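Reading through the structure tokens given below for one structure.
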Amino acid sequence: MMKQYREARESLEEDTLLLFRLGDFYEMFETDAEQGAALLGITLTKRHDMPMAGIPSHAAEAYLSKLLAQGKKVAICDQLEPPKPGKLVKRGITRILTPGTVLEERQLEASHNHFLLAIDLDKKGARAAWLDLSTGKFALCAQEDPGDLFSLIHSLSPREVLMAESLGRKLEMMENGKALCEDMDRALGEITRTERPDFDFEQRSGAREVMESLGVMNLEGFGIDLEHPGLGPAGAVLVYAEDVLKGKPGNLTRIEEYRTGAALLLDPATQRNLEVFRTTAQTRKGSLLDSMDETVTPAGARLVESFLARPERDIAEIERRQCCVQEFSQNPRAVEQVREILKTGADLERILGRLRNRVVRPRELGGLRATIRGLPGIRQVMSDIGDGFPAIQSLAAGIELFEDLTDLLNRSLEEELPAEIKLDVKGEGGRVIRAGYNEEFDELRDLAGGGKRWILDLEAAEREKTGISNLKVKYNGAFGYFIEVTKANLHLVPEHYVRKQTMTNAERFYTDELRTKEKEILNAEEQTVSKEQQLFEEVVQQALQHAEGLSRVARVLAEVDVFSSWGAILRDRDYCIPQFVDGSRELMIEQGRHPVVETVLKKESLGLAGTHAFVPNDTSLSSSDEQLCLITGPNMAGKSTYIRQVALITLMAQVGSGVPAKACRLGVVDRIFSRVGAGDELARGNSTFMVEMNETANILNHCTADSLIVLDEIGRGTSTYDGLSIAWAVVEHLHGKDSEGPKTLFATHYHELTRLSDSLPRLKNYSVAVKEWNDEIIFVRQVTPGASERSFGIQVARLAGLPEGVVGRAKQILATLEESDASATRETTTEFQNSSLNELSEPEGISLAPKPKVKRVSPRVDPSQLELF
Ligand code: ADP
Ligand code: MG
């Protein structure tokens, strides 16, 4: 046995833990045991000086999840045949589990795609491929700018990344290499990294590997050129998957090319700032994803996630989704019925992934059966909705019913199914295949059962004959059946009992009769088990013949789940379906709201006069007219919320869902950029200002007239005058000299910037209104045209609970500062407009002021605003 162990151990990489099946346990030995015990918090024992640690096989999945969650790779060495008394069983490595290649339900996060990503660089740029083995989703891409890799990593959030051995070196040698390496490191974070040899990433062999795995002669059907650089990493993914699965992945049927131009792009910083997948506190709750995901199946939740990871730019596809959502929203009863049925199904996509990759268990078929049993119901509800709803009818048409398969599974399988089919001969067989399905199997099972009864009868008979009242007939794996007699009764043992084994308190015997019967029983049981196994395999094979159809249906069900839930949201939350205008560069939102903040406020109890209700606001942007909106207003007024809501509404629109607004009309956007000034992201380390500037540079270098940019307090992370100068220059740059520029919302507390509207025709000033009442400040959350008056910092500070004494003193200081600095500040701001920014230094005497403040009434102030004061 130890020889088997050594052989298995030697065939593995150093960093892979080996779990070795011994009876009812998986054991770890030597250094594996030490490591495993520490990671799992289980006892480390010693036998003949060798460290050992074991986990019971029935609880293995939970322990495995724990190891994988800690980024470990684990090899499973299993028994390959039923153990027989007195014989060494055959063992072999059946699977290697790594964080990116697991398939077992327990180890997968139900609502999250589980990607294994491979990345590499060549002369032309970055290339990548990714695979979710559990669902068969497989894609590749090539990108000129290695920086785009980081967006990809962020939006996929893979579980494991394969990197070509030389990747680090290649990155370093690039221009900007050090920064790239750091960015890469940050993007990868805690994700398990696995180095693979460079030749695994070779383009040509990758192409061959991909075609072989998909069973095709070329990749034209997928629109992928055989020279596509992404095929290198795609090959690396496949080779690795084959290594760990101990066989080719069985559920790959297609590969997609991820084209940068086809999707709305959000770089990692934007995804973070908009809290698309996670909040800044790293929780899913409170993110946009969370608020858009009201699905009832894991596949539905994953689809919402992948829609958000890749918002569309294709109006036809967006409108297809919108129609489904709209129609579902008009049929709330049907939505409820469909959702009820969906809940009874299992995760079909992943079940297929497991079955096709040889992780085959009775329960998988049970789940498959539960799902297809629901299909007729779902289809019926959807077709009952009627022809007036064509989008739903075309979804319904995609739901095949698999009547034959349902019938087969009903007839062949027990209603309650065990997690595993037992290879054991202890009479555990016969719990998977239903009685009456196969005659031969029924007979075998009767035979084995009959033998068991004979044994029970034997015990009673022998007690009677010998007069040993505590005589027992028992079974164990090493010795088979035997008669056990305690020491005290040994003198009563008859002649024909043959001694088999001596224990401390008892002796074990067999008789010729028992031996013959034992053979018979074991034989019948073994045959029952293997017949059951065989029948089960046959059922699995027949089910797998429908695999392609089933995976198509799985996809349709996921869409039904997503669109019906969005339909319900559209109704319940009073969203609207946005209207896309082909080729337009405008964005019009009537009474827009922030999807997440609105929900949070709704949950809080209403204050006086509904002060907690979310206040909707309009937006009108156009690359050629109102291109750049500058939004000023005191702290806490609602600037950040407002500009983010515009970005989120645009993103939601291009994902195909409804949006929180009364009406919305827009043209397709190519990229959304969102940045927050450094002060808001203190958690990200001390070079935050540098990061902020890096990110701003990235925007200025990549935006187009089709982009939407949302900048929040850019320039705040440095001294006032530096910051103001930078903000000033950024605004000028974004406005540009051409007749068009990216649609931009710029929230700032630098009031000086509002003067730019004099020189920049497409810049419009807005402010978030507040009312002042007896020196108190009241937030009305309304975005109104015109620049804001002043910043109300002291009033806000009082609201926050600063002691009255401090508030009073602050007012005194402010008054003095404003008086003495008003002229100086005015000079400075005029200077800005006339001079090159680099020459500016901070004027003396002003650095004390937290922000330069000028008390003035803006000539552009909206008259309606004046009545507020
Ligand atoms: P600012 O960026 O101007 O300092 P925020 O956008 O951070 O202000 O908003 C401060 C708080 O005001 C938010 O946390 C939110 O609770 C509330 N708020 C913002 N906008 C609205 C709105 N339109 N309606 C209701 N409450 C709002
Ligand atoms: Mg803010």
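No hydrogens, no waters, no symmetry mates; every other heavy atom, side chains included, goes into these values. Please read these numbers as outputs of a predicted model, since none were measured by experiment.
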* Just wondering, more than 12 heavy atoms not from Asp407 lying within 6.0 Å of its CG? -> yes
* **Exam field: side chain Arg411 to backbone Leu413, donor-acceptor pair closer than 3.5 Å** => no
* Structure fact -> CG (Leu471) and CG (Leu492) are apart, to the nearest 0.5 Å, by 10.0 Å
* Structure fact -> ring pair (Phe, Tyr, Trp, His ring centres under 6.0 Å) filter on Tyr497, not counting sequence neighbours, yields Phe509
* More than 12 non-hydrogen atoms from neighbouring residues, nucleotides or ligands closer than 6.0 Å to OH on Tyr5, yes or no? -> yes
* Describe, in one word, how the ring planes of Trp566 and Phe307 are oriented to each other, choosing from parallel (under 30°), tilted (30 to 60°) and perpendicular (over 60°). => tilted
* Determine the sole option in Thr253, Asp132, Leu238 for which the side chain to side chain contact (heavy atoms under 4.5 Å, CB included) test with Phe138 is passed. => Leu238
* To do: In sequence, state the C-alpha distance, the side-chain angles, and the governing distance for Glu104 and Arg95, and then conclude on salt bridge (Lys or Arg N to Asp or Glu O under 4.0 Å).
  => CA-CA 12 Å; Glu104 282 72 6; Arg95 261 306 290 286; 3.4 Å; yes
* Dump the intermediate steps for side-chain hydrogen bond (donor to acceptor under 3.5 Å, both in side chains) on Glu538 and Gln534, then the final yes or no. => CA-CA 6 Å; Glu538 282 169 20; Gln534 178 210 331; 2.9 Å; yes
* Provide the closest heavy-atom pair for Ile468 versus Arg463 in the form atom of the first, atom of the second, distance. => O-CG, 3.3 Å
* Asked: Would you say the ring centroid of Tyr475 lies under 6.0 angstrom from that of Tyr481?
  -> yes
* Structure fact -> In short, Ser134 meets Arg350 closest at the heavy-atom pair OG-NE, 2.8 Å
* Donor-acceptor contact present, side-chain Gln393 to main-chain Gly386, <3.5 Å -> yes
* Between Asp78 and Tyr26, does any side-chain donor sit less than 3.5 Å from a side-chain acceptor? -> yes
* Asked: After noting the C-alpha distance and the side-chain angles of Leu39 and Lys66, does the key distance pass the side chain to side chain contact (heavy atoms under 4.5 Å, CB included) rule?
  -> CA-CA 8 Å; Leu39 291 171; Lys66 219 164 156 185; over 6 Å; no
* Asked: Do any N or O atoms from the side chain of Thr295 and from the backbone of Ala301 form a donor-acceptor pair under 3.5 angstrom?
  -> yes
* To do: Identify, with sequence neighbours excluded, every residue that meets side chain to side chain donor-acceptor pair (under 3.5 Å) alongside His112.
  => Ser157, Arg159, Glu305
* Verify, without hydrogens or angle tests, whether Glu27 (side chain) and Leu22 (backbone) share a donor-acceptor contact under 3.5 angstrom. => no
* To do: Report yes or no: does Asp561 contribute a side-chain atom to a donor-acceptor pair with the main-chain N or O of Thr297 at less than 3.5 Å?
  => yes
* May I ask you to check whether over 12 heavy atoms, not counting those of Arg284, lie within 6.0 Å of atom CZ? => yes
* Does the side chain of Arg445 pick up a donor-acceptor pair with the side chain of Thr528 at under 3.5 Å? -> no
* Report the distance from atom CD1 of Ile76 to atom NZ of Lys246, rounding to the nearest 0.5 Å. => 12.0 Å
* To do: Under the salt bridge (Lys or Arg N to Asp or Glu O under 4.0 Å) rule, what do Arg339 and Glu336 come out as? Steps first, then yes or no, please.
  => CA-CA 5 Å; Arg339 283 158 71 85; Glu336 242 163 61; over 6 Å; no
* Under 3.5 Å donor-acceptor, Arg508 side chain and Lys500 backbone -> no
* Asked: Is a donor on one side and an acceptor on the other found under 3.5 Å between the side chain of Thr371 and the backbone of Ala346?
  -> yes
* Are Val432 and Pro418 close enough that some pair of their side-chain heavy atoms sits under 4.5 Å apart? -> yes
* How close do Pro56 and Tyr63 get, heavy atom to heavy atom, and via which atoms? -> CD-CE1, 4.2 Å
* Is a side-chain N or O of Glu507 found less than 3.5 angstrom from the main chain of Arg499, in a donor-acceptor match? -> no
* Is the number of heavy atoms from other residues, nucleotides or ligands under 6.0 Å of Gln501 CD greater than 12? -> yes
* **By side chain to side chain donor-acceptor pair (under 3.5 Å) - contacts of Lys90 (at least two apart)** => none
* For the atom pair CD1 (Ile93) and CG (Leu12), what is the distance rounded to the nearest 0.5 Å? -> 4.0 Å
* Asked: So, Asp32 side chain and Leu18 main chain: donor-acceptor pair closer than 3.5 Å or not?
  -> yes
* Say whether, by atom type as modelled, one donor and one acceptor occur between the side chain of Lys248 and the main chain of Ser213 under 3.5 angstrom. => no
* Structure fact -> Note: Asp442 and Tyr437 closest approach over all heavy atoms is OD2-N, 4.4 Å
* Asked: Does one side chain, of Gln541 or Gln545, offer a donor that lies under 3.5 Å from an acceptor on the other?
  -> no
* **Verdict with supporting geometry, Glu415 and Arg373, salt bridge (Lys or Arg N to Asp or Glu O under 4.0 Å)** => CA-CA 13 Å; Glu415 206 47 45; Arg373 276 177 180 167; 3.0 Å; yes
* Heavy-atom pair with the smallest gap, counting every atom of Phe563 and Cys324 -> CD1-CB, 3.6 Å
* **Glu464 atom CD: more than 12 heavy-atom contacts under 6.0 Å** => no
* Asked: With a cut-off of 6.0 Å (strictly less than), are more than 12 heavy atoms of other residues, nucleotides or ligands near NZ of Lys519?
  -> no
* For a salt bridge (charged side-chain N to carboxylate O under 4.0 Å, His left out) with Arg552, tell me which candidate from Glu349, Glu559, Glu400 qualifies. => Glu400
* To do: Please report the C-alpha distance between Asp243 and Ile96 in whole Å, then the side-chain angles of each, then the deciding distance to 0.1 Å, and finally whether the side chain to side chain contact (heavy atoms under 4.5 Å, CB included) criterion is met.
  => CA-CA 8 Å; Asp243 266 7; Ile96 300 173; 6.0 Å; no
* Asked: What are the two closest non-hydrogen atoms of Leu417 and Arg369, and how far apart are they?
  -> CD1-NH2, 4.0 Å
